[in-house]
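A quick write-up on the structure given underneath.
Heads up: numbering here begins at 1 and tracks the sequence. For ligands, and for the atoms within them, numbers begin at 1 and follow the listed sequence. Just so it is clear, the structure is predicted and the values come from calculations on it, not from any experiment. Side chains included, hydrogens not; waters and symmetry mates left out as well; all remaining heavy atoms used.
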Amino acid sequence: MSELNMKDLVSLCKRKGFIFQSSEIYGGINGFWDYGPYGVELKNAIKKFWWDEMVRLRDDVVGQDASIIMHPKVWEASGHVEGFNDPMVDCKECKSRFREDQLKNKEKCDKCGGELTEPKMFNLMLSTQIGASEDSSSTAYLRPETAQSIFTNFKTIQKTSRKKIPFGIAQIGKAFRNEITPRNFTFRSREFEQMEMQYFVDPESETDHYEYWSETRRNFFEKVGIPKEKIRFHEHGDELAHYASKARDIEVEFPFGWQEVEGIHDRGSFDLTQHETFSKEDMKYFDEATKRKFIPHVVETSIGADRLALAILCCAYHVEDLTKEGGKQDLRTVMRFKAHIAPVQVAVLPLIKKLSDEAKEVEILLKKYGFRTEFDTAGQIGRRYRRQDEIGTPFCVTYDFDTRDDHQVTIRFRDSMEQKRVAISDLASYIQGLIVEEM
Ligand code: GAP
């Protein structure tokens with residue numbers, strides 16, 4: 001019906017317990033967010049799907065889970081101590097702080113028109129102290145990207161997994177950046193999760209791994225429910241990160257414009273060479289087939305789980321006008337998540353409370369098959385359907401009096417609102433079939 005307004009989405013996320021401010025009872029803390037019951041199910045489903053696509057269903061990518069805090073030298077070698085900076089300016093009048101490269105007008109304050117200070121470079125890494133003493137030797141950093149532990153573990157994982165190049169190492173984990181201006185809900189946060197994969201290749205390989213991964217990753221966006229017309233590539237020109245020789249973003253159209261959700265980077269031999277220099281460990285790979293020893297090149301795919309979740313929430317949000325002629329206004333809010341990532345996939349609803357025990361058995365059966373389910377007995381059936389629409393449940397299963405005799409339930413479909421009778425014995429395979437078909 002109408003264009004999505006971020007305020008409506010933020011309000012639905014809070015009202016329904018998807019996402020809300022961290023430490024809310026203390027007034028919140030800027031750039032930090034918490035996921036409630038539906039939010040965490042959504043995010044877990046997204047991460048699981050990414051892991052399935054990137055690791056479990058492939059023979060050439062393995063996983064790892066490394067510590068968040070690493071040896072401080074890692075960040076010197078990676079270039080983050082020296083170069084992971086954003087230009088910061090302050091307004092001399094209203095004291096607002098900005099990232100200079102995001103200002104519409106570099107001369108005047110965006111808020112009050114006041115004079116701005118000269119830009120200062122501000123390092124985005126968050127630091128902490130390790131151990132009891134607090135001197136510079138005990139300073140450590142919360143990782144600003146998960147990638148570096150994949151580079152430092154490259155040799156160990158290559159040897160233990162016996163993978164031959166080309167192969168990848170994937171990881172999902174928290175990253176931290178002391179962003180100057182966190183904004184647009186969870187889009188730019190100070191604590192977030194990344195899903196990254198480093199693909200190690202022979203620099204003389206004839207295959208264009210960069211193009212292959214760009215296309216593969218773009219297709220992933222459609223599989224999680226981002227419409228084709230809201231996805232595009234953005235090629236990097238001058239704005240290349242310090243480690244990249246080539247880069248493109250996969251952007252999604254948000255209500256606040258086209259924005260990066262994933263980066264595809266050709267990191268060349270930059271990181272492994274740096275770690276070889278700083279650690280004095282040999283990072284070269286010996287290729288049995290060609291009898292050559294070389295530092296592999298790396299193609300990286302890097303996506304934020306929170307940013308992707310936000311993109312999915314924005315694209316799923318719909319308000320439909322179901323008002324009948326001459327009737328009271330009837331607006332239906334419906335989150336059109338793909339069924340494989342919906343926080344609740346099947347809601348089981350006994351028509352009346354008296355049927356709860358039998359209906360509960362249907363829910364237990366569906367849980368055993370691995371579906372994310374919810375059981376709701378409160379209120380009229382129509383109201384319960386609408387509640388499920390708002391959290392994006394694709395299938396509602398109603399247990400009524402006829403079920404006792406014919407062992408069939410009614411499935412109500414979220415998007416079409418159509419209904420169909422299905423035998424309980426076929427229910428799980430029927431729903432599974434629909435989920436897989438839509439993936
Ligand atoms: N290892 C490469 C790397 O970290 P990046 O472009 O800086 O590259 C990759 O980040 C992805 O991480 C981004 O596309 C975005 O999805 C996510 N991301 C980065 N900074 C973020 C932030 N402040 N809040 C939420 N997500 C962020």
Within-cut-off N or O pair, [X] and ligand 1, under 3.5 Å:
{"X": "Val261", "result": "yes"}
{"X": "Thr186", "result": "no"}
{"X": "Ser189", "result": "yes"}
{"X": "Ala147", "result": "no"}
{"X": "Gly304", "result": "yes"}

Before accepting this row, confirm whether a basic side-chain N of the pair [X]/[Y] lies closer than 4.0 Å to the acidic partner's carboxylate O.
{"X": "Arg384", "Y": "Asp376", "answer": "no"}
{"X": "Asp282", "Y": "Lys293", "answer": "yes"}
{"X": "Arg15", "Y": "Glu390", "answer": "yes"}
{"X": "Lys155", "Y": "Glu276", "answer": "no"}

### Task
Please work out which of Glu300, Arg177, Glu196 has its closest non-hydrogen atom nearest to atom 5 (P) of ligand 1.
Arg177
Would you give me the side-chain donor-acceptor pairs under 3.5 Å for residues 174-181, sequence neighbours excluded?
from: Lys174; atom 1: NZ; to: Glu191; atom 2: OE2; distance (Å): 2.8
from: Arg177; atom 1: NE; to: Pro144; atom 2: O; distance (Å): 2.9
from: Arg177; atom 1: NH2; to: Pro144; atom 2: O; distance (Å): 3.0
from: Thr181; atom 1: OG1; to: Gln102; atom 2: OE1; distance (Å): 3.4

Under 4.0 Å, heavy atoms only, figure out whether ligand 1 is touched by the backbone of [X], its side chain, both or neither.
{"X": "Trp33", "answer": "neither"}
{"X": "Arg188", "answer": "both"}
{"X": "Arg183", "answer": "neither"}
{"X": "Arg190", "answer": "neither"}

### Query
With distance as the sole criterion, is a donor-acceptor pair present between the side chains of Gln171 and Ser149 under 3.5 Å?
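A pair is found: one side chain offers a donor N or O, the other an acceptor, under 3.5 Å apart.
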#### Entry: Side chains of Asp266 and His297, donor plus acceptor under 3.5 Å
no
### Task
Mark the output for Glu191 as yes if a heavy-atom distance to ligand 1 is under 4.0 Å, and as no if none is.
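Outside the 4.0 Å threshold, so no.
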Hey, can you pull the donor-acceptor pairs under 3.5 Å for the side chains in residues 298-315, sequence neighbours left out?
from: Glu300; atom 1: OE1; to: His265; atom 2: ND1; distance (Å): 2.4
from: Glu300; atom 1: OE1; to: Arg267; atom 2: NH1; distance (Å): 3.1
from: Glu300; atom 1: OE2; to: Gln198; atom 2: NE2; distance (Å): 2.6
from: Glu300; atom 1: OE2; to: Arg267; atom 2: NH1; distance (Å): 2.8
from: Ser302; atom 1: OG; to: Glu196; atom 2: OE2; distance (Å): 2.5
from: Asp306; atom 1: OD1; to: Glu193; atom 2: N; distance (Å): 2.7
from: Asp306; atom 1: OD2; to: Tyr35; atom 2: OH; distance (Å): 2.7
from: Asp306; atom 1: OD2; to: Lys43; atom 2: NZ; distance (Å): 2.8
from: Arg307; atom 1: NE; to: Phe187; atom 2: O; distance (Å): 2.9
from: Arg307; atom 1: NH1; to: Glu260; atom 2: O; distance (Å): 3.0
from: Arg307; atom 1: NH2; to: Phe187; atom 2: O; distance (Å): 3.1

